[in-house]
Amino acid sequence: EVQVVESGGGLVQAGGSLRLSCAASGFTFDDYAIAWFRQAPGKERELLSCFSSSGGSTYYTDSVKGRFTISSNNAKNTVYLQMNSLKPEDTALYYCAANNYYCSGRVSGYDYWGQGTQVTVSS
């Protein structure tokens, strides 16, 4: 079964850091794009970053560029999101998502989703 699972969320003070992990299974990691989304209460799910191994593509939305960094360990089929200088407005449920082609800016562009990991930033 194709599956992606997030981990690494938690409670952190403003200005602190967290690293999220997205572990993929059931498919060849190198053939997929892995994206990070987040959704805060009352807001739409938004794309933060995406990594595509086969396409050689990396994307960041402007709101996190310079603070968040996406990276991968292909041998472990895992993608990471390093989050630095966290702000209270970063509080949200963070998801990883996958498709079998290239990075998409749309929620509908991804076929597989994790259950989410909660990130809470205190002020």
Side-chain angles (χ1 to χ4, degrees):
E1 179 183 352
V2 174
Q3 186 173 314
V4 290
V5 179
E6 310 94 337
S7 62
L11 176 65
V12 65
Q13 289 185 306
S17 299
L18 286 172
R19 189 181 76 161
L20 306 183
S21 298
C22 177
S25 62
F27 58 93
T28 302
F29 176 81
D30 287 346
D31 295 334
Y32 277 69
I34 307 294
W36 287 99
F37 287 78
R38 70 184 179 191
Q39 188 166 25
K43 303 195 71 175
E44 294 185 354
R45 193 169 299 186
E46 63 173 337
L47 175 67
L48 302 176
S49 186
C50 185
F51 175 79
S52 173
S53 180
S54 59
S57 176
T58 303
Y59 167 84
Y60 299 96
T61 193
D62 287 343
S63 64
V64 305
K65 191 175 296 182
R67 297 191 298 126
F68 293 7
T69 304
I70 195 168
S71 62
S72 66
N73 185 327
N74 289 11
K76 294 181 178 293
N77 278 4
T78 300
V79 171
Y80 306 96
L81 187 68
Q82 178 67 45
M83 306 187 296
N84 298 325
S85 301
L86 284 163
K87 306 172 181 179
E89 51 263 46
D90 294 317
T91 296
L93 191 63
Y94 283 68
Y95 297 90
C96 61
N99 63 36
N100 65 349
Y101 44 101
Y102 301 103
C103 291
S104 172
R106 301 183 300 275
V107 169
S108 61
Y110 297 88
D111 299 314
Y112 309 104
W113 291 84
Q115 295 182 1
T117 185
Q118 179 67 39
V119 172
T120 302
V121 184
S122 62
S123 60

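Two residues are said to be in side-chain contact when any heavy atoms from C-beta on lie closer than 4.5 Å; Val79 and Trp36 meet this criterion. Looking at Tyr112 and Tyr32, their side chains come closer than 4.5 Å, going by heavy atoms from C-beta outward. The closest side-chain heavy-atom distance from Leu93 to Thr117 is not below 4.5 Å. Side-chain contact check for Tyr80 versus Ile34: every heavy-atom pair is 4.5 Å or farther apart. Proximity of Ser49 to Leu81: side-chain heavy atoms (C-beta onward) are separated by under 4.5 Å at one or more points. Counting heavy atoms from C-beta outward, Val12 and Thr120 have side chains that stay 4.5 Å or more apart. Proximity of Ser104 to Tyr110: side-chain heavy atoms (C-beta onward) are separated by under 4.5 Å at one or more points.
Grouping the Ile, Leu, Val, Met, Phe, Trp and Tyr side chains by contacts below 4.5 angstrom, directly or via other members, places Val121 with Met83.
Within the 3.5 Å criterion, the main-chain N or O of Ile70 finds a donor-acceptor partner in the side chain of Tyr60. Not a single donor-acceptor pair under 3.5 Å links the side chain of Glu6 to the backbone N or O of Cys22. In this structure, the side chain of Thr91 does not engage the main chain of Glu89 through any donor-acceptor pair within 3.5 Å. Under the 3.5 Å distance criterion, the side-chain polar atoms of Ser85 are left unmatched by any main-chain donor or acceptor of Gly15.
Here the OG atom belonging to Ser52 is positioned 8.0 Å from the CG atom belonging to Asn99, to the nearest 0.5 angstrom. Distance check, rounded to the nearest 0.5 Å: CD of Glu46 to CD of Glu44 gives 9.5 Å. In this structure, Gln118 CD and Leu11 CG are separated by 10.0 Å, a value rounded to the nearest 0.5 Å.
What you find for Ala33 and Cys103 is that their closest heavy atoms are CB-N, 3.7 Å. For Val64 against Leu48, the heavy-atom pair with the smallest separation is CG2-O, 3.7 Å. Scanning all heavy atoms of the two residues, the minimum distance from Leu20 to Gly9 falls at CD2-N, 3.6 Å. In terms of heavy-atom proximity, Val4 sits nearest to Ala98 at CG1-CB, 4.1 Å. Across all their heavy atoms, Gly26 and Val2 have their closest contact at O-CG2, 3.7 Å.
Salt bridge Lys87/Asp90: absent, no basic N to carboxylate O contact under 4.0 Å.
Shown here are the side chain to side chain contact (heavy atoms under 4.5 Å, CB included) partners of Val107, two or more places apart in sequence or in another chain: Phe37, Arg45, Trp113. Residues forming a side chain to side chain contact (heavy atoms under 4.5 Å, CB included) with Ser25 (at least two apart in sequence, or on another chain): Gln3. Checked against side-chain hydrogen bond (donor to acceptor under 3.5 Å, both in side chains), Thr61 has no partners two or more places apart in sequence or in another chain.
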Would Asn100 and Asp31 count as a side chain to side chain contact (heavy atoms under 4.5 Å, CB included) if you check the C-alpha gap in whole Å, the side-chain angles of each, and the deciding distance to 0.1 Å?
CA-CA 6 Å; Asn100 65 349; Asp31 295 334; over 6 Å; no
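Counted by atom type alone, Ser17 and Asn84 present one or more donor-acceptor pairs between their side chains at under 3.5 Å. Residues Tyr94 and Arg38 have side chains that bring a donor and an acceptor to within less than 3.5 angstrom of each other.
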